[in-house]
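Note that the numbering runs from 1 along the sequence shown for the chain. Just so you know, these numbers come straight off a predicted model, no measurement behind them.
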Amino acid sequence: MKMLPPDWTAGGRKAAFMRALPITRLPFEGREGRLRVQALLALGGVAALLLSLALLNFINLSSVRTVQRQREIAVRKSLGLGPLRLLLQFAAEAQLSIALAAALAVLLAWLMVPWLAGVLQLPVPDSLLQALPLLGLAAGCTLLGLLVCLYPAWLAWRMNAAAALQGRQASEGTSGRWLRRTLTVLQFGVALLASSLALVLSLQNRHVLARELGFDPHGVLALRMPDGATPALAEDLRQALAQRPEVQALAWSDSVPGSGRIEREGGFLRDGQTGEASKLRVIHVDADFFALYRIPLLSGELRASAQDTVVLDLPALRAMGWSQPAEALGQELRFAYTGLAQRQQSWRIAAVVPRQVLENTRQPSQPHAFALKTSEQVLATGRGAWVLNLRLRDGEAASLARAEAFIAPIWKLYVPDQPLQLEAVEEAMQEPYRADLRLAELVTASSVLALALAGFGVYALAAYLVQRHARELVLRKLYGASPRQALTRLLREFAGLLLIAALLALPLSWFLGQSYLSQFADRAAMGLWPQALALLGLLLVSLIASLHHGLQAMAMRPVLALKS
């Protein structure tokens, strides 16, 4: 404790602490645990959102069907059907539909459990058919059946039986129409919200995976040295792998580049300079590292030297006060580690390389200094955290499974008592984004379902509007109106509902999208494209869903419409 830096224990701060927790809470602790909790909460929110949308759709469809069944309901009411029995009838009909949907949901859940467990990084349950979840599902279905039948039953009870039996068309009234419009606006709004957020996440993830890094990790594998490996063992293992025809290049580094697992910062001062030191991120590599990752040299050369040397990227060069690479070559830098291993060194600048991006997009880009070590210097440290980077030859399989086929026998020959720790560098670099990728998959799936449910709602609404305005449409056609002119009122009602939904949902989706993007230092330039594309997609879905009933209205025989 006495050897710790003073600022680590200033003000009574503890340098380390221990705590105990139940083993069942262990998967939800730490960084990975918090990400898992966030994914589960996001999944619960998506489920609640889709269930609400489905219930709104069910109520909308049920009310349309109630208006279509007005004569049947009028006959039942005239024969003495009371409000309680009417409510029970609608509840039984709703319960049947919900029970069939629940059975289909259990089947789909059983089929999708492996995929969902992989997305959430949770173990696959032994069986879904357990008593408690099934009882909870049955109770939830019963409650939903009672809730969704209240409005259609109330609509049926207040219907005028005498008018319906006389053949006069009844409707749900002004309040019912406004309720239907409100439910449709909510459907459109939820679909726009989910689609916009899915596009925001997808565009950001695409930007993360396609950004320029300054080095080429494609096809590179990282082999971590075993704990307690001796320098002789590590060198023998390297030489054995170098003799394989599949291996094109080998290089040492102190961690997997871009993974962020080991981060070191140091304060650098130019020789003779005083004042505040410039903070650079320090990575320890050997001279073969730059050729393996295809990093070009802007100036200087890489060669073994008795003096400690360093390679700077362009941001580090400018942070140290030089404008051109030639000005920095051969200059001395005084360097002090921060953290536990506090010591000072003097390094000579050997070369300058282009800008390197080794941080994830949530961290601001930093200047980098590559501490250049020879293989002997690297192995003399005896540190087990060192990584042997391997690039396979062109034409050879870069997949992890096929690479393990020739690496595993060599590993077992030199390290028989420890497992092989081999991974693709690109996969390791995506570790900070796996939670975002899982969240994007969930939100994308929910947006597709939301658009489908909105399409069903539009289909039902178009059917209702065509039925309600059948005589008006026929009279317009008889007076010479074109199909577009005849459907003007229907299109105007659809456009109004879409406009209201867009005004409500798109600003909210923009705000939520900006809140999500605010955690990234490197963001995708997307502007309002996610909202525009979501609106375009909903317009397309609405057009397809209402096209059938629009064509049916245009083909309607005037005599039949006027007689009904």
Side-chain angles (χ1 to χ4, degrees), residues 207-208 210-220 222 248-260 262-273 277-335 345-361 363-375 377-378 387 389-391 394 425-426 429 521-522:
H207 169 72
V208 165
R211 61 182 179 148
E212 182 62 37
L213 301 174
F215 63 100
D216 181 15
H218 180 68
V220 180
Q248 181 181 11
L250 293 163
W252 291 105
S253 62
D254 60 355
S255 65
V256 180
S259 65
I262 297 180
E263 297 182 359
R264 296 189 187 90
E265 287 186 351
F268 284 79
L269 289 169
R270 292 167 57 173
D271 192 22
Q273 182 184 11
S278 300
K279 294 289 184 181
L280 306 182
R281 175 171 287 184
V282 182
I283 303 99
H284 292 188
V285 299
D286 68 353
D288 298 328
F289 177 87
F290 301 93
L292 183 140
Y293 281 100
R294 296 170 181 169
I295 302 175
L297 295 182
L298 298 179
S299 184
E301 58 181 2
L302 304 173
R303 60 182 179 182
S305 174
Q307 184 182 4
D308 289 332
T309 55
V310 66
V311 176
L312 303 181
D313 68 350
L314 280 178
L317 181 80
R318 298 189 178 99
M320 297 307 302
W322 289 296
S323 58
Q324 297 297 327
E327 300 174 0
L329 294 181
Q331 299 293 324
E332 298 288 333
L333 293 179
R334 287 186 288 116
F335 166 65
Q345 288 180 276
S346 178
W347 284 356
R348 183 183 61 84
I349 301 175
V352 179
V353 297
R355 174 176 178 262
Q356 302 297 302
V357 180
L358 299 175
E359 304 85 11
N360 62 58
T361 51
Q363 299 173 326
S365 181
Q366 292 181 307
H368 294 89
F370 296 89
L372 200 60
K373 305 285 185 179
T374 64
S375 298
Q377 290 173 326
V378 169
V387 171
N389 302 271
L390 304 93
R391 179 177 289 278
D394 295 336
V425 172
E426 286 183 305
M429 291 174 59
D522 185 5

Check your understanding: Between Phe370 and Phe289, how do the two ring planes meet: parallel, tilted or perpendicular, split at 30° and 60°?
Key -> tilted
Practice item. Check step by step if side chain to side chain contact (heavy atoms under 4.5 Å, CB included) holds for Arg318 and Ser323. Key: CA-CA 6 Å; Arg318 298 189 178 99; Ser323 58; over 6 Å; no
Review point. Can you tell me how far CD1 of Ile295 sits from CZ of Phe290, rounded to the nearest 0.5 angstrom?
Key: 6.0 Å
**Study point:** Exercise: identify the closest heavy-atom pair between Val311 and Val352
**Key:** CG1-N, 4.4 Å
Exercise for review: Grab the two heavy atoms, one from Leu329 and one from Ser299, that are nearest each other, plus how far apart they are.
Suggested key: CD1-OG, 2.9 Å
**Study point:** Flag side-chain contact, heavy atom, 4.5 Å: Trp347 against Val282
**Key:** yes
**Study point:** Atom pair CD1 (Ile283) and OG (Ser255), whose distance is rounded to the nearest 0.5 Å
**Key:** 7.5 Å
Check your understanding: What are the two closest non-hydrogen atoms of Ala319 and Leu280, and how far apart are they?
Key -> CB-CD2, 4.3 Å
Check your understanding: How would you list, by chain and number, every residue that makes a salt bridge (Lys or Arg N to Asp or Glu O under 4.0 Å) with Glu212, sequence neighbours excluded?
Key -> none
Practice item. Measure the shortest side-chain to side-chain distance between Arg348 and Asp308 over non-hydrogen atoms and say whether it is less than 4.5 angstrom. Key: no
Practice item. Go through the steps for Arg391 and Asp216 under the test side chain to side chain contact (heavy atoms under 4.5 Å, CB included), then give the verdict. Key: CA-CA 10 Å; Arg391 179 177 289 278; Asp216 181 15; 3.9 Å; yes
Review point. Considering only heavy atoms from C-beta outward, does the side chain of Phe268 approach that of Leu333 to under 4.5 Å?
Key: yes
Check your understanding: Taking atom types as modelled and ignoring hydrogens, do the side chains of Gln366 and Arg281 form a donor-acceptor contact shorter than 3.5 angstrom?
Key -> yes
Review point. Do Pro325 and Leu317 touch side chain to side chain, with heavy atoms closer than 4.5 Å?
Key: yes
**Study point:** Val353 side chain near His368 side chain, heavy-atom distance below 4.5 Å
**Key:** no
Check your understanding: How far apart are the C-alpha atoms of Val220 and Tyr293, what are their side-chain angles, what is the distance that settles it, and do they pass the side chain to side chain contact (heavy atoms under 4.5 Å, CB included) test?
Key -> CA-CA 8 Å; Val220 180; Tyr293 281 100; 3.6 Å; yes
Practice item. Please confirm whether the backbone N or O of Gly214 pairs with a side-chain atom of Gln356, one donor and one acceptor, at under 3.5 Å? Key: yes
Review point. Are the side chains of Asp288 and Leu250 in touch, meaning some heavy atoms are under 4.5 Å apart?
Key: no
Point to revise | Close side-chain approach of Leu302 to Leu372, heavy-atom, < 4.5 Å | key: yes
Check your understanding: Who pairs with Gln324 by side-chain hydrogen bond (donor to acceptor under 3.5 Å, both in side chains), at least two apart in sequence or on another chain?
Key -> none
**Study point:** Arg270/Glu332 salt bridge by N-O under 4.0 Å criterion
**Key:** no
Practice item. Measure the shortest side-chain to side-chain distance between Asp522 and His207 over non-hydrogen atoms and say whether it is less than 4.5 angstrom. Key: yes
Point to revise | Heavy-atom closest pair, residues Asn389 and Pro257 | key: OD1-CD, 3.9 Å
Point to revise | Closest approach of Ala369 to Val310 (non-hydrogen atoms, all atoms of both residues) | key: CB-CG2, 3.8 Å
Exercise for review: Give, for atom CD of Glu426 and atom CG of Leu213, the distance between the pair rounded to the nearest 0.5 Å.
Suggested key: 9.0 Å
Exercise for review: Could you tell me whether a side-chain N or O of Asp254 sits under 3.5 Å from a main-chain N or O of His284, the two making a donor and an acceptor?
Suggested key: yes
Revision key, fill the gap. Tightest non-hydrogen contact, residues Pro367 and Lys279, listed as CG-O, 3.7 Å
